[in-house]
Amino acid sequence: MALNVIIVSSEMVPFAKTGGLADVSGELPLALKKLGMNVTLFMPLYREVIAKGFKVDPTGVEVSVPLGKRTVTAQVWKGSREGIPVYFLKRDEYFDRTYLYTTPEGDYFDNLERFIFFSRGVVEAITALGLKPDIVHCNDWQTGLIPAYLKTVYNPALPSTASLFTIHNIAYQGLFPAELFDLTGLPADIYNPEGLEYWGQLNLLKSGIIFSDIVTTVSEGYSREVQTPEYGCGLEGILQKRSRDLFGVLNGVDYSVWNPETDKLIAANYSRSDLKGKAACKKDVLKEYSLKLKPGAPLIGIISRLADQKGFDILVDAMEELMGMDLGMVVLGTGEKKYHELFEELSGRYTGKLGVKITFDNSLAHKIEAGCDMFLMPSRYEPCGLNQIYSLRYGTIPVVRATGGLDDTIDDYGGGEGNGFKFRDYSAAALAEKVGTAVAVYRDKKAWQELQKKAMQCDFSWDRSARRYMELYNRALTKLRGEDI
Ligand code: ADP
């Protein structure tokens, strides 16, 4: 019988997005549906969803969500994503805001309340709508309480529903003051170091890890890394304890969206067998950023959340050396204010060679993927990383640090092998040296074109990942039923 799967996420393309989580939550369902599963989606009704003009309507269903001593109402609205039902929880007090979680000044003060409301409201809505999920697939800290609700308060209502919890980034744990635990309405005896407590604080990601039947991370490399002190951000111990139920599933890519042959957002289309259009795309990006490069100089792209994780400290330290090379660089990103200021300052210092745009702009992201020669991701850690995978398809050769999903997807170029350039040491010197190698290979037009063709051939489509999730959903159900695996 077809599995009934509910995917719950705090962001989802095309409705609302801050990063890769939205790509995964919006694209995986399409691949699961193709495999014959019945998929239903849940997310908050943000201002952004309405502002973008998506068709969403009230279902007439309202649920009461207890929040400590208060009870608040959630309206259930409905839209659709390529034939898949999408339920939105509406409460303007929480979600009719400019940002999803964080303003440039910092996190919203009531994020705990907002996401308890969302998590508990989703479980209430599942029962109110009479949905009978085999699996609830939760993502990141914003939904980390759902597995706990399913194993405790809502177990009588949904005894045969298993949960799978995906960690997209372990550094974001949803940590809140202990005295707010009562807002969750969960049994007091799960607030201890074996449960939701983390060094005197409430930890929502930990809740997802402990109470779900299966835990996944978004690459195999990252599933190993998070079990170590260097990458586990303090949760390595409980992940080691759950290692039998912990799996890595690499994110896929939607090639109907990220494909230079069909992309309508780029200046000219091109393909593996005819790369000519790429030159027009490069010209377009250079114009967009008002850069002038010497003929034959490569253009390096960066599209990123501006956060510590992404390796900007070593990039900044390497900048002088990089800007001394014959190349140009374009940056597109938003995030922490200190990086906004830093990049603005750098673009002033290297006018004509370094272009910076501090904004979130999907069309420009496509143009950069198409118009650059190389794509740089010097991440300190990277759970999966999507841009390097998009870059491969656009023949824009990734230069990455060997960590997590970057390490899993990119093989270092050498002797005709490889699909990109990869350095291991987290240092400005290693970064600059690898860019130098890439620039040297770039000068050999024939070798570069061969490398581009090889990169463009790499296939990370969702089908393979969706099949793996299907296996793991079945494993979660087997486990819930207490059967042998
Ligand atoms: P993360 O999830 O850590 O932000 P990923 O590489 O997994 O990193 O995914 C980032 C996604 O967000 C990609 O689809 C990328 O194109 C997009 N993105 C990030 N910053 C911007 C931006 N400033 N403008 C447009 N798209 C962006």
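All ligand and atom numbering here is 1-based and tracks the order in the structure. In this text the structure is predicted, and so the values were computed from the model without any measurement.
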> Relative to the ring of Phe421, is the ring of Tyr413 parallel (under 30°), tilted (30 to 60°) or perpendicular (over 60°)?
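Tilted: the ring planes of Tyr413 and Phe421 meet at 30° to 60°.
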
> For atom 22 (C) of ligand 1, which of Phe360, Tyr172, Trp258, Tyr381 has the closest heavy atom?
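When every heavy atom of Phe360, Tyr172, Trp258, Tyr381 is considered, Phe360 comes closest to atom 22 (C) of ligand 1.
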
> Once you measure the plane-to-plane angle for Phe118 and Phe115, does it fall in the parallel (<30°), tilted (30-60°) or perpendicular (>60°) bin?
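The rings of Phe118 and Phe115 stand perpendicular, inter-plane angle above 60°.
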
> Using a heavy-atom cut-off of under 4.0 Å, does the side chain or the backbone of Thr18 touch ligand 1, or both, or neither?
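It is neither; nothing of Thr18 touches ligand 1.
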
> Atom 8 (O) of ligand 1: which protein heavy atom is closest, and how many Å away?
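Atom 8 (O) of ligand 1 sits closest to the protein heavy atom Lys310 NZ, 3.2 Å.
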
> Is there a heavy atom in Gln388 that sits closer than 4.0 Å to ligand 1?
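Contact absent.
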
> Please state whether the rings of Phe95 and Tyr46 are parallel, tilted or perpendicular, taking 30° and 60° as the class boundaries.
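Plane angle over 60°, so perpendicular.
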
> Would you mind finding which of Thr334, Val13, Asp23 brings a heavy atom closest to atom 14 (O) of ligand 1?
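The residue whose heavy atom sits nearest atom 14 (O) of ligand 1 is Asp23.
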
> Does Lys357 make a cation-pi contact with Tyr289 (under 6.0 Å, within 45 degrees of the axis)?
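The answer is yes; both the distance and angle limits are met.
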
> Hey, is Lys357 one of the residues with a heavy atom under 4.0 angstrom from ligand 1?
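No heavy atom of Lys357 comes that close to ligand 1.
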
> What part of Asp361, side chain, backbone, both or neither, has a heavy atom within less than 4.0 angstrom of ligand 1?
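Only the backbone of Asp361 comes within reach of ligand 1.
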
> Provide the number and element of each atom of ligand 1 under 4.0 Å from a heavy atom of Gly20.
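Those qualifying, in numeric order: 1 (P), 2 (O), 4 (O), 7 (O), 9 (O), 10 (C), 11 (C).
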
> Touching ligand 1 at all, Asn251? Heavy atoms, strictly under 4.0 Å?
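The answer is no, since Asn251 has no heavy atom less than 4.0 Å from ligand 1.
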
> Do other residues, nucleotides or ligands put more than 12 heavy atoms under 6.0 Å from the CD atom of Glu433?
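Open: at most 12 neighbouring heavy atoms sit under 6.0 Å from CD of Glu433.
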
> Enumerate the atoms of ligand 1 whose separation from the nearest heavy atom of Gly333 is less than 4.0 angstrom.
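Matching atoms, with element in brackets: 23 (N).
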
> Select one of side chain, backbone, both or neither to describe which atoms of Lys17 lie under 4.0 Å from any atom of ligand 1, heavy atoms only.
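Within the 4.0 Å criterion, Lys17 contacts ligand 1 through side-chain atoms alone.
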
> Tell me, which protein residue and heavy-atom name are nearest atom 23 (N) of ligand 1, and how many Å apart are they?
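The protein heavy atom lying closest is Thr359 O, 2.8 Å.
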
> Nearest 0.5 Å, please: how far is OG1 in Thr403 from CZ in Arg424?
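With rounding to 0.5 Å, CZ (Arg424) is 9.0 Å from OG1 (Thr403).
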
> For ligand 1, which atoms, with element, lie under 4.0 Å from some heavy atom of Arg305?
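This gives 1 (P), 3 (O), 4 (O), 20 (N) as the contact atoms.
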
> Among Leu406, Asn387, Leu386, which one puts a heavy atom closest to atom 16 (O) of ligand 1?
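It is Asn387 that holds the nearest heavy atom.
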
> Please verify the inter-ring angle class for Trp448 with Tyr442; under 30° counts as parallel, over 60° as perpendicular, anything in between as tilted.
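Aromatic pair Trp448/Tyr442 classed perpendicular.
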
> When the side chains of residues 326-338 are checked against the rest of the protein, which donor-acceptor pairs come out under 3.5 Å, sequence neighbours left out?
from: Lys337; atom 1: NZ; to: Glu105; atom 2: OE2; distance (Å): 3.4
from: Lys338; atom 1: NZ; to: Asp308; atom 2: OD1; distance (Å): 2.9

> Heavy atom under 4.0 Å from ligand 1: found in Cys384's side chain, backbone, both, or neither?
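Within the 4.0 Å criterion, Cys384 makes no contact with ligand 1.
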
> Whether the side chain of Glu230 engages the backbone of Thr228 through a donor-acceptor N/O pair (distance < 3.5 Å, no angle test) should be reported.
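Flag not set: sc Glu230 to bb Thr228 has no pair under 3.5 Å.
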
> Are His137 and Phe165 an aromatic pair, judged by ring center distance below 6.0 Å?
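Distance test on ring centres: not under 6.0 Å, no.
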
